[in-house]
Structures are given as C-alpha cells and as structure tokens.
Protein chains: 2
Amino acid sequence: MSARADTSAPARPDRRAARRQQSKDEIVAAAWDLVREHGLAGLAMRDLGDRVGMRAQSIYSYFASKHEIYDAMFHQGYLAFAAAIAEVKSADTDRAGSVDQSADALHLMAHRFFEFCISDPVRYQLLFQRTIPEFVPSDASYAVAVEAYHEMNDGLAAIGITDPQAVDLWTALLTGLSDQQISNDPGGDRWERLIDRAVAMFLHDNNINSSAPTQKGNR
Amino acid sequence: MSARADTSAPARPDRRAARRQQSKDEIVAAAWDLVREHGLAGLAMRDLGDRVGMRAQSIYSYFASKHEIYDAMFHQGYLAFAAAIAEVKSADTDRAGSVDQSADALHLMAHRFFEFCISDPVRYQLLFQRTIPEFVPSDASYAVAVEAYHEMNDGLAAIGITDPQAVDLWTALLTGLSDQQISNDPGGDRWERLIDRAVAMFLHDNNINSSAPTQKGNR
DNA sequence: GTCTATAATCTGATAGAC
DNA sequence: GTCTATCAGATTATAGAC
C-alpha cells in the first residue's frame with residue numbers, strides 16, 4: 001500500500017539525491033583527469049562518457065551543458081584555493097604578530113600559493129586566466145571565488161598589510177612567479193627559488209623589515 | 001623564344017615569390033583579426049577563407065596546417081616584441097649611465113613591456129602562455145623568441161643588471177602585472193598604476209637607488 | 001594557384017524508447 | 001537514468017578539374 005512495496009518509487013528522496021550527487025562528483029573528477037591529459041579546451045563529452053562508463057548523452061541528465069561542467073570545476077577549484085589559504089592563516093597568524101612572525105607568515109603564504117598554482121597548471125588556467133572562449137562562472141561559483149580572495153586579504157591584513165594597492169602588487173608578484181614557472185620551466189624550480197627573494201622585496205616595500213626568511217624546511 | 005612571350009611561364013620567379021608572400025601575409029593578418037574576435041582557439045579555416053576572399057581549402061596551398069598559421073603569428077608577435085624592446089634600448093640606454101638615467105630607462109622599459117602585453121591580449125596569450133593544446137613553435141620561430149629575450153637582457157645589462165635571477169624576477173614582475181591587468185581588470189588601470197612602484201621596489205632590491213621615477217608623460 | 005567536391009572525423013546537443 | 005539513434009554542423013585535410 002505504501003511506497004515500500006512499489007519498485008518504481010524511491011526508497012528515500014535524500015538517498016536518491018545523494019546517489020545523484022555522487023554521480024555528478026564522479027563526472028567532474030573524470031573531467032579533471034581528461035583536462036589534465038588533453039588540455040582545458042580539449043575536454044570532449046564523448047571522452048568524458050567513456051571515462052565514466054556512460055554514453056556521452058547520458059551526462060546531460062546530470063549537467064545541462066559542457067559549460068556547466070566547467071563551472072563545477074571552477075567551483076571546486078576555488079574551494080580548494082580558499083582551503084589552501086585558510087590553512088596558512090590558521091597555522092601562522094593567530095598568535096600575536098612580531099615582525100619576524102609576520103614575515104614568516106608571508107613567506108609561507110607565498111610558497112603555498114605558488115605550490116597551489118604549479119601543482120595543477122590546468123586548474124591554474126581555469127581559475128586564474130580567461131582561456132575558455134565563452135565560459136563565465138555562475139553567480140554561485142563566482143561567489144566562492146570572491147570569498148577565496150577575501151580569505152587571502154584577511155591573511156594579509158593579519159600581517160598588517162591592508163593597503164589595496166599592496167594587495168594587488170602581492171597577487172601580481174605571486175601569479176607572475178607561478179606563471180613564469182609553469183610556462184617557461186615546467187617541472188623545474190627556476191622561479192620557485194626566487195619566492196623568498198620576492199617576498200623580502202615586497203616586505204621591504206611595505207616597510208616590514210625582516211632579516212631573512214626564518215622558516216625552514218618549507219619546500 | 002624566351003619566357004617573355006610564353007603566357008604559361010612566370011614573369012620572373014622573384015615576382016611570383018613576392019606575390020605568394022603577399023598572400024601569406026594577408027592570410028596571417030586576417031587570422032589576427034579573427035583571433036581577436038573569436039579568441040585564440042576559435043580560429044576556423046572557413047572564417048579565415050571567407051575573410052581573405054578564398055575558399056578555406058585554398059589556404060592549404062599557402063600553409064600546410066592551421067598550426068603553421070599559428071606559427072607565423074607567433075613569429076610575427078616576437079618580432080614585434082623584440083622591436084618594442086629595442087626601441088626602448090636605443091632611446092634611453094646608449095648614453096653614459098647615471099643612476100637616475102638607469103632608473104628612468106627601467107621605468108620606461110616596464111611601461112613599454114606592459115603596454116605591449118595589454119594592447120593585444122590574444123597576442124599575449126599566444127606568445128607568453130601555453131594555451132593552444134598541441135602547438136609548439138617551429139625552430140625558426142623559437143629562435144626569434146630567444147633573440148627577443150636577448151634583446152631584453154641586453155637592455156637590463158646596459159642598466160647594470162646582469163644577475164640571471166634578477167632578470168627572471170623582472171620578467172615575473174612584469175608578466176604578473178600584465179596578466180592581472182588582462183585577466184581581472186580589462187580596460188582598466190588597476191595594475192598599470194602599480195608599475196612605477198613595482199619598478200622602484202625592484203630597483204631597490206638590486207641596490208640601485210632612485211628617488212622617484214623622473215620620466216613623465218609616459219602613459 | 002584557385003576552384004569544386006568530398007572524405008573522414010569529431011563536435012555539442014536533442015528526441016524518444018525502455 | 002540510461003540507452004539508441006540522430007541531428008546539424010565544424011573540423012582538418014586531400015583529390016582532381018580548370
């Protein structure tokens with residue numbers, strides 16, 4: 001008499017939703033794999049279907065379009081970015097800030113940012129460059145991106161850097177180093193080893209003196 | 001008796017070659033137009049044929065593949081880059097180098113580099129990022145790129161900066177500013193106005209003291 | 001050197017059966 | 001939710017007529 005005995009009825013709606021979400025996650029994970037193999041623009045629905053054990057057309061019951069998949073990846077990517085930044089914040093900036101601690105925190109932050117970028121060049125391309133012709137992140141995904149930048153601003157503010165121009169210079173410095181490393185010395189460390197020098201230069205520009213990076217064993 | 005009267009024979013081989021080169025140049029110019037309209041990856045042979053008054057297939061008698069067209073664009077782009085750098089060099093570094101002159105030259109170079117990047121974002125993408133999936137510049141085109149960087153190194157050396165790491169930091173700084181400007185504030189000046197500050201920071205890092213950028217009316 | 005014709009393949013996406 | 005079948009079109013590239 002109830003849904004229990006009816007084979008076509010769902011067991012419980014939230015279990016169904018969970019299964020559906022699991023499938024979506026699986027598709028997005030496969031998309032990341034493919035994109036790392038064939039480039040960001042090289043993602044093909046057919047390949048994606050093959051990878052996930054489905055016909056390409058069936059993916060459309062999970063995502064309305066290819067762009068919606070890119071959007072899910074964008075969302076995931078910025079969640080990961082925010083997490084990476086937050087980790088540094090909680091690890092290093094909560095205690096009272098001596099000059100050396102501030103400097104250390106900034107060096108750590110720079111290394112983490114750089115590591116995040118070069119560890120996944122395709123993700124870097126999706127998050128930080130505008131390379132997919134007509135892709136525009138959804139409002140929801142964009143909000144996550146904005147929140148991630150707030151996270152970073154908070155981290156800088158905790159160190160005493162609140163000047164918006166200094167923040168912009170900071171992002172330019174870090175993306176510049178990351179970009180050069182990815183583009184011109186993939187797998188090497190030609191720009192990675194300049195991070196501490198760059199951070200010291202930036203610290204001085206912001207009137208925060210530090211003798212030398214105190215942190216060790218960070219890379 | 002001679003080729004003069006023979007309609008099927010070429011007038012003069014070099015004239016024929018010139019015409020051919022002219023057609024190639026025309027195709028590449030049209031490719032630049034299209035690429036600025038539809039994005040770097042959005043270049044389609046049909047559009048290109050339409051634009052140049054030719055069937056798409058006929059283009060293959062000038063270029064063996066689409067990649068060969070990208071390669072010609074890459075070549076042109078780095079020629080332009082080298083020219084832009086060389087212009088700064090000849091304008092500002094030949095005279096004996098006082099500290100202020102060195103600083104001025106560096107500020108000028110930074111502004112020119114930045115201007116070159118943001119004035120044509122698609123060109124920037126082709127020259128400085130790896131965004132076309134399987135495109136690798138030919139040896140000839142790559143040689144032009146290398147020469148362009150030599151040009152820049154010479155400019156820096158004339159100012160007294162010969163440390164390879166300083167040169168790498170310099171490129172990271174400039175591409176970082178350019179990249180942020182293109183990606184996050186297209187058409188604006190949010191990062192452009194940080195150039196002088198960044199250069200001053202860099203100068204200090206290299207123990208070249210300058211009170212302030214002397215050059216005016218540069219942007 | 002440019003054309004027509006066409007190959008052979010891939011693209012994202014939809015309709016409708018089950 | 002997954003399938004088959006298929007659309008409508010773009011892709012690079014080649015063959016052969018003129």
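Keep in mind that the numbers below use all heavy atoms, side chains included, and drop hydrogens, waters and symmetry copies. Numbers restart at 1 for each chain; the letters A, B, ... are given by sequence-line order, proteins then strands.
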- [ ] Please name the residue in the list A:Ile182, A:Ile118, A:Asn184 that meets the side chain to side chain contact (heavy atoms under 4.5 Å, CB included) test with A:Trp191.
- [x]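 Considering A:Ile182, A:Ile118, A:Asn184, a side chain to side chain contact (heavy atoms under 4.5 Å, CB included) with A:Trp191 is found only for A:Asn184.
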Open item on the list: Does D:dG1 have OP1 or OP2 under 4.0 Å away from a side-chain N or O of A:Ser58?
Closed with: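 Result: no.
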Open item on the list: With a 4.0 Å cutoff (strictly under), does any side-chain N or O of B:Ser61 reach OP1 or OP2 of C:dG1?
Closed with: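 Checking C:dG1 against B:Ser61, no side-chain N or O comes under 4.0 Å of OP1 or OP2.
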Could you tell me the separation between the [atom1] atom of [X] and the [atom2] atom of [N], rounded to a whole number of Å?
X       : N      : atom1 : atom2 : result
A:Leu34 : C:dT11 : CG    : C1'   : 15 Å
A:Leu48 : C:dC10 : CG    : C1'   : 16 Å
A:Asp50 : C:dC10 : CG    : P     : 11 Å
B:Arg55 : C:dA7  : CZ    : C1'   : 17 Å
A:Arg19 : D:dG1  : CZ    : C1'   : 10 Å
B:Phe63 : D:dT12 : CZ    : P     : 14 Å

Expected list for residues 143-150 of chain A: side-chain donor-acceptor pairs under 3.5 angstrom, two or more places apart:
unit_1	atom_1	unit_2	atom_2	d
A:Tyr149	OH	A:Tyr78	OH	3.1

- [ ] Please report the shortest heavy-atom distance between B:Asp205 and A:Arg197, naming the atom on each side.
- [x]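 Between these two residues, the closest heavy atoms are OD2-NE, 2.9 Å.
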Show the atom names and distances, to 0.1 Å, of all donor-acceptor pairs under 3.5 Å that link a side chain in residues 54-65 of chain A to residues at least two apart or in another chain.
unit_1	atom_1	unit_2	atom_2	d
A:Ser61	OG	A:Ser58	O	2.5
A:Ser65	OG	A:His67	N	3.4
A:Ser65	OG	A:Glu68	N	3.3

TODO: Give the B/S/- string for nucleotides 12-18 of chain C, one per nucleotide from 5' to 3', where a protein heavy atom under 4.0 Å of the base yields B, of only the sugar-phosphate yields S, and otherwise -.
DONE: BBB----
Task: Any donor-acceptor N or O pair under 3.5 Å, side chains A:Ser138, A:Asp71 - done: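 Yes.
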Task: Ring geometry between A:Tyr70 and A:Phe135 (parallel below 30°, tilted from 30 to 60°, perpendicular above 60°) - done: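 Answer is tilted, since the angle falls between 30° and 60°.
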